[in-house]
K.L.:
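Sharing a structure with you now.
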Amino acid sequence: MSIENSFPKRYEPAEVEKKWQKVWYESGLYRFDEKSSKPTYSIDTPPPTVSGRLHIGHVFSYTHTEIISRYKRMQGFNVYYPFGYDDNGLPTELLTEKEHGIRSHQVDRKKFRELCLETGKKYSVLFSDLWKRLGFSCDFESAYSTISPSSQKISQWSFVDLHKKGFLERRKEPALWCTKCATSFAQAEIEDVNKAGMYVHIPFTVDGLAPLVVATTRPELLSACVSVFVHPDDDRFKSYIGKKAKVPFYEHLVPVIADDKAQIDKGTGVVMCCTFGDSTDILWWRKYQLPLREAISKFGKMTDITGPLKDLKIEDARKKMIELLKEKNLVLKTIDIPAETRVVNTHERCGTPVEFLVQPQWFIKVCENKEKLIEVGRKIKWNPDFMRHRFENWVENLSWDWAISRQRSFGVPIPAWYSEDGKHIHVASADELPLDPTETKPKVKCPSGEWIADNDVLDTWATSSVTPLINARFTLPNERKNFLPMSMRPQAHDIIRTWAFYSIVKSFYHFKNIPWNDIVISGHVKKPGAQVQGSQMAGQDFAKKTKISKSKDGDTFAPEKIMERHSSDAIRLWSAGASLGIDVMFDENGMAEAEKFLNKLWNASRFALMQFEGFEPKVKTPIVNSEDLWIRARLKQVISHYQTSFNAYEIHLAKVELDKFFWMNFCDNYIEFVKCRFQTGSDAEKKSAYQTIYDVLFSLLKLYAPYAPHITEEIYQLYFAQFEKSESLHLIEQPKTSDLTKEEEKALIDTEFLIAAISGVRIGKSKNQIGFKVPAEELIIGSSEEGIKSLNLFKPVLQNFSSATLLVIGNISSLKDGWETSREDVKVFLKINPEHLKKRDPA
RNA sequence: GGGCGCUUAGCUCAGCUGGUAGAGCGCAUCCCUUACACGGAUGAUGUCGUAGGUUCGAUCCCUACAGCGCCCACCA
């Protein structure tokens, strides 16, 4: 069957994409080959958190990795491109609570865990379906789940090992607490939110002196007040230092202490210290050995010591307290603080303001190793490099050790037990894992009473930070030896302080090594017009966000919806157009442009292949025309740039180079140049063109394959597959480049003259406002001596292009009239028969 | 307040190791040329944020400043 018949006139992405996805996934094309002799390139794919549906931002950043994986595979690597689901821990619990309209602590723990598992399964299918619809080349069949027994085993091993090495300890101290989620959490999970507040000025009486006026935004904590602070240099209050102040309403006495941390010019210059209103309170509490007065419970209700506020929620308690104080004339003044100038730390998962509760928690010590961690970070190649600063900045500013216990239900259990008096701790040994301490008893007898199981679970990140170990199947029977460090970690920049940081911490503590050689950071997709929205929110509580969030933006950026409007290849090409690590604006226009490209590639391929007559690709054909040598030489140059860019993970630069070559060199020039040869060329010339088209087009397919796997596979299968034997384009190695031959170098120079002359002809036709096929009587080209020699090589092309009856190539100085071209040493004059010129209004 | 990034054509952005600027969209004029009108040709539009410095020469290097964005700290 001829190409004309077998190659459809129009490209139908919807059908074609579905067709190849089916073939790829059914044949296991992208399955990881455990026994391959090729060098391994391993990717530490982010297992998406099961916390809701994925949005276009996920598609964007995951696509970058997917493109890199295909490139590496076609560069001859045995690519390990796994897939996983982070389906344990708080995010999945919150999703489950939302889906079922329940709260975890109100439901049977076992039952709740089952619901979470179900939720995880449901979303895993949604996730993998989406990635398959985008043609991702992950090994979906061996996808891991972070709640699976083997992941739990590895996660618990990590716990046990860190404990053994002394990096992990259980401490009873103030920890970041979320009263809504009823759990502690880590510094990395704090998110700043602008929130309006109010200073309340309250007088504390001091014997023999005027009352001390405290300014506070948290009057509901008055009962938890343990001291009052002033600045040592503040002359107004020097006489108060060392005296006792009486807390209004509750009437207990607290010391007045001088400390540099109290700011003279803030509020009234007098600040109360409560246990705990903020992190400074903790600092003072420790420094001055102050007593502990707890006013807030685990669930955010006021405690007994708050008297009339008991059982109220924090915000309600605040209002009530102000009322009570006002009744007693104890509010001297209130000052509103607008949201723009006040920032409150919240729990990023739910937006609840941070509280501090004293509970026994497990901490991984990170603060004492800041310098070493920064050093380890520098051994990793950061792409782009400036993202390393964000990591270092975070480590430098760490002020809390990593709290990893969560007072929740669904997660990896903490493999530890405590004696009834709390004096003894028993941590499981590595060979017993995985285990749930609530179901298993230690073999060792408890020195005092019975062992009590740790009822908490591990922070989600405590498990996801060992994905390199999960990928290496560490400690499992089928362990992948020599798998660490992995080749590359891809991720977005928002989780540098969590996922990247924690993974580096763990790898360093366990093995004194880096988790991966390279880290590749991608940006976010921002919603258009987000800045405007931000400023319009002035005066209200707001989180300054241009990032697309699934909770706030709903379906607008749902990938499924976008895929109804654009093909997968187009979405991929659009994603590939962004600079490494840079945020981009969501842009459907860009996807439409990508669709134009697909159309162009289709038509160019179809047309070029249709010309083949009596051509046998595998028979070596001599290349005889300069244009052919030229396009081949250009291709070599492009491949070289392409590879340099790709190896630096600059996938968009590789694409820009490729696009330029395809549109400007191949379509606009080369194909146009050879058209005439198809009709009037000699046999050898035709074959030279066929061979060149075959080679260049095939190379183009291979080079575009990582970006647009569907259309390139389709074109490959329609024609090239019959000669190339490979079952898929995606298993073929990418074209290699080599130094230019002497002939190719000469062809580059010669063809530049042709291009200049052709542009002259185009200018001529355009200025005369005539169609391309309107014949010229004469085409006169003036050029330099060198140019004349070069141009003489292309007479048939020039003649065909201008449809000129007479072609003259001569010395440039003899050509008076004519059009300047792209170069000074080529000038073109086109003589058109007046009959062909359009009758235009002379005005 | 600390750190990082950005500031280039009306819009979105590209410009690797310094030599008087590019793409796409948009705009104007033309062309349905036997691959593609989801196309092609031609063209207009930029003192490359501001001010200094290094240099024979800077959009690209250095310094300062400004605006914008992000990360972090600030939370009485």
Side-chain angles (χ1 to χ4, degrees), chain A residues 7 9-11 190 192 195 197 199-200 214-218 221 228-229 261-263 266-274 277-281 337 341-345 353-354 384 386-394 396-399 493-494 496-497 523-524 526 528 530-531 534 544 546-547 577-579 581-585 587 589-590 592-593 595-611 641 644-645 648 650 652-653 656 659-660 663-664 667-668 671-672 675 678-679 758-759 761-774 801 803 819 838:
Chain A
F7 206 115
K9 212 168 156 72
R10 278 191 69 86
Y11 177 58
I190 296 175
D192 291 348
K195 208 171 172 61
Y199 275 124
V200 184
V214 165
T216 181
T217 54
R218 303 205 58 182
L221 293 178
V228 170
F229 281 90
K261 281 258 173 189
Q263 285 168 248
K266 193 160 183 178
T268 56
V270 186
V271 54
M272 69 171 181
C273 170
C274 308
D278 63 31
S279 54
T280 316
D281 289 346
I337 316 167
T341 57
R342 181 164 179 265
V343 178
V344 174
N345 283 160
V354 169
F386 68 78
M387 283 296 177
R388 197 188 73 245
H389 294 283
R390 215 176 265 205
F391 168 78
E392 293 182 4
N393 188 229
W394 172 254
E396 281 161 11
N397 288 309
L398 279 171
S399 50
H493 56 62
D494 58 333
I496 288 175
R497 67 182 192 175
H524 284 143
K526 296 182 292 186
Q531 270 105 313
K544 247 169 116 187
T546 51
K547 187 178 146 187
S579 288
I582 303 295
D583 292 346
V584 295
M585 209 79 91
D587 174 26
N589 209 22
E593 269 172 45
E595 259 135 21
K596 287 186 185 175
F597 160 76
L598 296 176
N599 187 53
K600 185 85 177 171
L601 179 63
W602 183 261
N603 285 309
S605 303
R606 184 170 189 273
F607 173 73
L609 296 173
M610 260 164 47
Q611 310 306 320
H641 279 124
T644 306
S645 298
E650 297 273 13
H652 84 289
L653 290 183
V656 165
D659 284 344
K660 269 198 248 170
W663 288 92
M664 294 159 97
C667 292
D668 296 347
I671 291 185
E672 297 300 329
K675 270 181 183 171
F678 296 146
Q679 289 150 15
I758 293 290
S759 96
V761 175
R762 283 168 170 164
I763 292 167
K765 298 239 173 169
S766 196
K767 295 243 159 142
N768 282 307
Q769 299 194 320
I770 54 170
F772 204 69
K773 68 174 179 185
V774 174
F801 235 86
S803 325
W819 291 282
K838 259 195 175 173

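Below, read A as the first sequence line, B as the second, and so on, with proteins coming before strands; counting in each chain starts at 1. Just so you know, these numbers come straight off a predicted model, no measurement behind them.
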K.L.:
What's the closest nucleotide to the side chain of A:Phe386 if the choices are B:A35, B:G15, B:G5?
P.N.:
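Shortest atom-to-atom distance from the side chain points to B:G5.
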K.L.:
Return the value, rounded to whole Å, for the distance between atom CD of A:Glu650 and atom C1' of B:U17.
P.N.:
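Rounded to the whole Å, the gap is 15 Å.
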K.L.:
Between A:Met610 and A:Lys765, just flag the one whose closest nucleotide in RNA chain B comes earlier from the 5' side.
P.N.:
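Its nearest nucleotide being more 5', the pick is A:Lys765.
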K.L.:
Is the cationic atom of A:Lys765 (NZ for Lys, CZ for Arg) positioned less than 6.0 Å from the six-membered ring centroid of A:Phe801 and within 45 degrees of its normal?
P.N.:
no
K.L.:
Contact class for A:Gly771 (heavy atom, under 4.0 Å): base, sugar-phosphate, or nothing?
P.N.:
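Since only primed, P, OP1 and OP2 atoms lie under 4.0 Å of A:Gly771, the category is sugar-phosphate.
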K.L.:
Let me know the distance between NE2 of A:His524 and P of B:C4, rounded to the nearest Å.
P.N.:
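Those two atoms, NE2 and P, are 21 Å apart.
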K.L.:
Is the closest basic N to carboxylate O distance between A:Lys675 and A:Glu672 below 4.0 Å?
P.N.:
yes
K.L.:
May I ask you to verify if any side-chain N or O of A:Arg342 is less than 4.0 angstrom from the OP1 or OP2 atom of B:A76?
P.N.:
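Answer yes for this pair, as a side-chain N or O of A:Arg342 is under 4.0 Å from OP1 or OP2.
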K.L.:
Could you please name the option among B:G43, B:G3, B:G15 that lies closest to any side-chain atom of A:Ile763?
P.N.:
B:G43
K.L.:
Measuring only the P atom in each nucleotide, how far is B:G3 from B:A73? A whole number of Å is fine.
P.N.:
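About 15 Å, rounded to a whole number of Å.
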K.L.:
Rounded to the nearest Å, what distance is computed from the NZ atom of residue A:Lys675 to the P atom of nucleotide B:A35?
P.N.:
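These atoms are roughly 5 Å apart.
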K.L.:
Using a 4.0 Å heavy-atom cut-off across all strands, classify A:Glu392 as base, sugar-phosphate, or nothing.
P.N.:
nothing
K.L.:
Under a 3.5 Å distance rule, please check whether A:Asn397 uses its side chain to pair with a backbone N or O of A:Asn393 as donor and acceptor.
P.N.:
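Yes, A:Asn397 side chain to A:Asn393 backbone: donor-acceptor pair under 3.5 Å.
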K.L.:
As a test of reading the structure: which of B:C4, B:A41, B:U33 is closest to the side chain of A:Asp668, going by heavy atoms?
P.N.:
B:A41
K.L.:
At 4.0 Å (heavy atoms only), tell me whether A:Leu653 reaches a base, stays on the sugar-phosphate, or touches nothing.
P.N.:
sugar-phosphate
K.L.:
Starting at the 5' end of RNA chain B, what dot-bracket string do you get if Watson-Crick and G-U pairs under 3.5 Å are bracketed, crossing pairs use [ ], other-strand pairs use | and unpaired bases use dots?
P.N.:
(((((((..((((........)))).(((((.......))))).....(((((.......))))))))))))....
K.L.:
For the side chain of A:Ile337, counting heavy atoms from C-beta on, which of B:A76, B:G3, B:G39 is nearest?
P.N.:
B:A76
K.L.:
Heavy atoms only, 4.0 Å cut-off, all strands: where does A:Asn393 land among base, sugar-phosphate and nothing?
P.N.:
base
K.L.:
Would you mind reporting whether A:Cys667 and A:Lys600 have side-chain heavy atoms less than 4.5 Å apart?
P.N.:
yes
K.L.:
Could you work out, with side chain to side chain donor-acceptor pair (under 3.5 Å) as the rule, every residue matching A:His493, not counting sequence neighbours?
P.N.:
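Applying side chain to side chain donor-acceptor pair (under 3.5 Å) to A:His493 gives A:Arg390, A:Asp583.
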K.L.:
To the nearest angstrom, how far is A:Lys773 atom NZ from B:G40 atom C1'?
P.N.:
14 Å
K.L.:
Could you state the atom-to-atom distance from NZ of A:Lys526 to P of B:C6 in whole Å?
P.N.:
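Checked: the NZ to P distance equals 13 Å.
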K.L.:
Ignoring hydrogens, what is the shortest heavy-atom contact between A:Leu653 and A:Ser645? Give both atom names and the distance.
P.N.:
CB-OG, 3.6 Å
K.L.:
Would you say a side-chain N or O of A:Thr217 is under 4.0 Å from OP1 or OP2 of B:A76?
P.N.:
yes
K.L.:
Taking N and O atoms by type only, does the side chain of A:Glu672 place a donor or acceptor under 3.5 Å from a partner on the base of B:A35?
P.N.:
yes
K.L.:
Where the side chain of A:Trp663 is concerned, which of B:G40, B:U42, B:A76 is the nearest nucleotide?
P.N.:
B:G40
K.L.:
If you compare all heavy atoms of A:Leu221 against all heavy atoms of A:Gly277, which two are closest, and at what distance to 0.1 Å?
P.N.:
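It is CD1-CA, 3.6 Å.
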K.L.:
Sticking with atom C1', work out how far B:U34 lies from B:A21, rounded to a whole angstrom.
P.N.:
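Taking atom C1' in both B:U34 and B:A21, they lie 39 Å apart.
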K.L.:
From C-beta outward on A:Glu593, which listed nucleotide comes closest to its side chain: B:U42, B:A35, B:C25?
P.N.:
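Among B:U42, B:A35, B:C25, the one nearest the side chain of A:Glu593 is B:C25.
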K.L.:
Distance between the P atoms of B:C70 and B:C13, in whole angstroms?
P.N.:
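It comes out at 14 Å once rounded to the nearest Å.
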K.L.:
From B:A35, B:C36, B:C4, pick the nucleotide closest to the side chain of A:Asn599?
P.N.:
B:C36
K.L.:
Rounded to whole Å, how long is the line connecting atom CG of A:Leu601 with atom P of B:A35?
P.N.:
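Going from CG in A:Leu601 over to P in B:A35 covers 17 Å.
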K.L.:
Identify whether any heavy atom of A:Thr280 sits under 4.0 Å from a base atom; if not, whether one sits that close to sugar-phosphate; answer base, sugar-phosphate or nothing.
P.N.:
sugar-phosphate
K.L.:
Indicate, with a heavy-atom threshold strictly under 4.0 Å, whether A:Cys667 touches base, sugar-phosphate, or nothing.
P.N.:
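Touches a base.
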K.L.:
In Å, rounded to the nearest 0.5 Å, how long is the span from CZ of A:Arg218 to OH of A:Tyr199?
P.N.:
14.0 Å
K.L.:
Does the side chain of A:Phe229 reach to within under 4.5 Å of the side chain of A:Val270, using non-hydrogen atoms?
P.N.:
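No. Closest side-chain heavy atoms not under 4.5 Å.
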K.L.:
So, for A:Arg606 and A:Phe7, which heavy atoms are closest and what is the spacing to 0.1 Å?
P.N.:
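The answer is NE-O, 2.8 Å.
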K.L.:
Which one, B:G15, B:C70, B:A35, comes nearest to the side chain of A:Ala604?
P.N.:
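The closest nucleotide is B:A35.
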K.L.:
Is there a side-chain polar atom (N or O) of A:Ser579 under 4.0 Å from OP1 or OP2 of B:C13?
P.N.:
no
K.L.:
Over how many whole Å does the gap from A:Lys9 atom NZ to B:U34 atom C1' extend?
P.N.:
10 Å
K.L.:
With rounding to whole Å, what would you report as the distance between B:G57 and B:A64 at their P atoms?
P.N.:
23 Å
K.L.:
When you match A:Ser766 and A:Thr216 each to their closest nucleotide on RNA chain B, which lands nearer the 5' end?
P.N.:
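Counting from the 5' end, the first nearest nucleotide belongs to A:Ser766.
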K.L.:
Look at the side chain of A:Val343 and decide which nucleotide, out of B:G3, B:C74, B:A76, has an atom nearest to it.
P.N.:
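Of B:G3, B:C74, B:A76, B:C74 is nearest to the side chain of A:Val343.
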K.L.:
Can you measure A:Phe772 atom CZ to B:C32 atom C1' for me and round it to whole angstrom units?
P.N.:
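Result: 14 Å.
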K.L.:
Looking only at atom C1', what distance separates B:U63 and B:G26, rounded to whole Å?
P.N.:
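Pairwise C1' distance, B:U63 against B:G26, rounds to 39 Å.
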K.L.:
Please give the distance between the P atoms of B:G18 and B:A44 as a whole number of Å.
P.N.:
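Pairwise P distance, B:G18 against B:A44, rounds to 30 Å.
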K.L.:
Using the C1' atoms only, state how far B:G39 lies from B:U20, rounded to an integer number of Å.
P.N.:
35 Å
K.L.:
Quick one: label A:His641 by what it contacts on the DNA or RNA (base, sugar-phosphate, nothing), any heavy atom closer than 4.0 Å.
P.N.:
nothing
K.L.:
Say we look at B:C36 and B:C4: how far apart would their C1' atoms be, to the nearest angstrom?
P.N.:
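Their C1' atoms lie roughly 45 Å apart.
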K.L.:
State whether A:Lys660 places a side-chain N or O below 4.0 Å from either non-bridging phosphate oxygen (OP1 or OP2) of B:A14.
P.N.:
no
K.L.:
Hey, does the side chain of A:Asp278 reach the backbone of A:Asp281 with a donor-acceptor pair shorter than 3.5 angstrom?
P.N.:
yes
K.L.:
Check every atom of B:A41, B:A35, B:C74 against the side chain of A:Arg762 and return the nucleotide holding the closest atom.
P.N.:
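The closest nucleotide is B:A41.
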